[in-house]
Number of protein chains: 2
Amino acid sequence: MTKLQKSIDKRNALIKATIELVNNNGFHATPMSKIAKMANVSPATIYLYFENKQDLVNQTYLEVKTKYTDFVFNTYDENTSIKTGFELIWKRIAEFNINECEYSFFLTQCNNTPIIDEPSRQEGIKHLQPLLDLWKRGKDEGVIKPISDYILYAYSINPISSLMMAQKLGQFQLTKANTEEAFLTAWDSIKL
Amino acid sequence: MTKLQKSIDKRNALIKATIELVNNNGFHATPMSKIAKMANVSPATIYLYFENKQDLVNQTYLEVKTKYTDFVFNTYDENTSIKTGFELIWKRIAEFNINECEYSFFLTQCNNTPIIDEPSRQEGIKHLQPLLDLWKRGKDEGVIKPISDYILYAYSINPISSLMMAQKLGQFQLTKANTEEAFLTAWDSIKL
DNA sequence: TAAAAATGAATGAATATTCATTTTTTTATA
DNA sequence: TATAAAAAAATGAATATTCATTCATTTTTA
């Protein structure tokens, strides 16, 4: 294990601890000392990897967001019908939300509170371009409603987070059948 | 102005300050001292009205949630068609989100983070009963998709918050036309 | 004049960050 | 290869600040 390897392990442990603690206790109840303890590291060590607490949470956000988009667009193929393309992306998003719900929950928190600073938030948004391109093509072909991307997103993508949230709170179970219903509902809401 | 009157004014000022500060800085960066200052009150005074910080934020949440549901169901009439009933409720929710976006944003934060304790969260959920009843009737009549209320909610109601959020971040403008489109999209996603 | 409400200053606990050392790793030399 | 010096990484304890909460007084109300 090289020096670089070892460093990355520590950094990963710190990011993992941050996610877990912020998810369970909220950012306000997540002191650096607890993060250090959970990552099996001295508090001082955190500052070798991150400037300060804000930097730690910003970097954690971007890291998770990258994992998310990498996964989501990994199987995407531009050369399909609009519906198929949308289905590919949507189902990957759902899969990510179900299988990596720690990551998803963390992202939801970041997206709905001022814990991330604005530049990091902007950076995180960029990654969605392929989906926006697909929608543009869909609108041009008259397959997708000619409405704001924000509305399309709010109706077809964000509900996945809501369902993940409900599942986390134990109010609801995201089964295979449910997921299929949810997909069809998403498609119904944006198709022409 | 009676004693009770005066007290209520202070309590309201404290709740208002809490909402504003939590919205702008996040719960983690909202100390009691700042809340007191913004409400023109001594820090010690907060403790005449609230047990502690957690109690303050819980009560703020319930207060806002009550304002929300009072407004949302105020014009509701059970004796209409499913679609009309849904439209009545949906448009009031949208109106609230547009006109009282400070309240909406605060609720969104509370719904997506662990800053509210569980009993208060449960309490807040109860208020939605009329909508759930409407959906039940709609399913029985074969007008609404026979799927989980959580899915119906995620697709037809939660997107309003997402759009409010996008608007708050200045990415998007919720105009009258947009709102109408959004309503139709909501209906499309739950109707049979 | 008694009771209630409000206050500013004090208190003590938490917390982010820094610092003086120690431990580990790398490099240079024989 | 073995060894020692240098560099890098890691640490636990210290620091200085911030913060929630309390308390002794003062102000307002009844």
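All values below come from the heavy atoms of this structure, side chains included, with hydrogens, waters and symmetry mates left out. Note on naming: letters A, B, ... go to the chains in the order of the sequence lines (proteins, then strands), and numbering restarts at 1 for each one. The model shown is predicted, which means the values in this text are computed figures rather than measured ones.
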Item checked: Nearest-Å distance for atom pair CG/P, residues A:Asp9 and C:dT25 -> 13 Å
Next item on the list: Quickly work out the A:Ile46 CD1 to D:dT11 C1' distance and round it to whole Å.
Entry: 12 Å
Check: Are OP1 or OP2 of C:dA5 and a side-chain N or O of B:Lys10 less than 4.0 angstrom apart?
Finding: no
Notebook entry, point to check: Ring centres of A:Phe96 and A:Tyr68 under 6.0 Å apart?
Noted result: yes
Item checked: N-O pairing of B:Lys139 and B:Asp149 below 4.0 Å -> yes
Notebook entry, point to check: To the nearest Å, how far apart are B:Asp55 CG and D:dT21 C1'?
Noted result: 14 Å
Margin query: For nucleotides 8-16 of chain C, give me one character per nucleotide, 5' to 3': B if any protein heavy atom sits under 4.0 Å from the base, S if the only such contacts are to the sugar-phosphate, - if neither.
Written below: B------SS
Next item on the list: For atom OH of B:Tyr153, decide whether the heavy atoms of other residues, nucleotides or ligands shown that lie under 6.0 angstrom number more than 12.
Entry: yes
Margin query: Applying side-chain hydrogen bond (donor to acceptor under 3.5 Å, both in side chains), can you list everything that pairs with B:Ser162, at least two apart in sequence or on another chain?
Written below: A:Asn158
Margin query: Could you work out, with side-chain hydrogen bond (donor to acceptor under 3.5 Å, both in side chains) as the rule, every residue matching B:Lys126, not counting sequence neighbours?
Written below: B:Glu123
Next item on the list: Could you state the atom-to-atom distance from NZ of B:Lys37 to C1' of D:dC19 in whole Å?
Entry: 13 Å
Notebook entry, point to check: Just how far, in rounded Å, is P of C:dT17 from OH of A:Tyr49?
Noted result: 18 Å
Next item on the list: Flag the pair A:Asp140 and A:Lys136 as a salt bridge only when some basic side-chain nitrogen lies within less than 4.0 angstrom of an acidic carboxylate oxygen.
Entry: yes
Next item on the list: Take atom CD1 of B:Ile35 and atom C1' of D:dT18, then tell me their distance rounded to the nearest Å.
Entry: 15 Å
Next item on the list: Please go through A:Leu88's hydrophobic cluster and name the other residues, only I, L, V, M, F, W, Y counting, with side-chain heavy atoms under 4.5 Å joining them.
Entry: none
Notebook entry, point to check: Does B:Asp70 have any side-chain hydrogen bond (donor to acceptor under 3.5 Å, both in side chains) partners at least two apart in sequence or in another chain, and if so, which?
Noted result: none
Next item on the list: Note down the inter-axis angle between the two ends of the helix from C:dT1-D:dA30 to C:dA30-D:dT1, five pairs each, to the nearest 10°.
Entry: 10°
Check: Could you give the CG-to-P distance, from B:Leu14 to C:dA5, as a whole number of Å?
Finding: 15 Å
Note to self: A cation-pi test, strictly: NZ or CZ of A:Lys10 under 6.0 Å from the centre of the six-membered ring of A:Tyr49 and no more than 45 degrees from its axis. Yes or no?
What the structure shows: no
Notebook entry, point to check: B:Glu51 CD to D:dA20 C1': how many Å, rounded?
Noted result: 14 Å
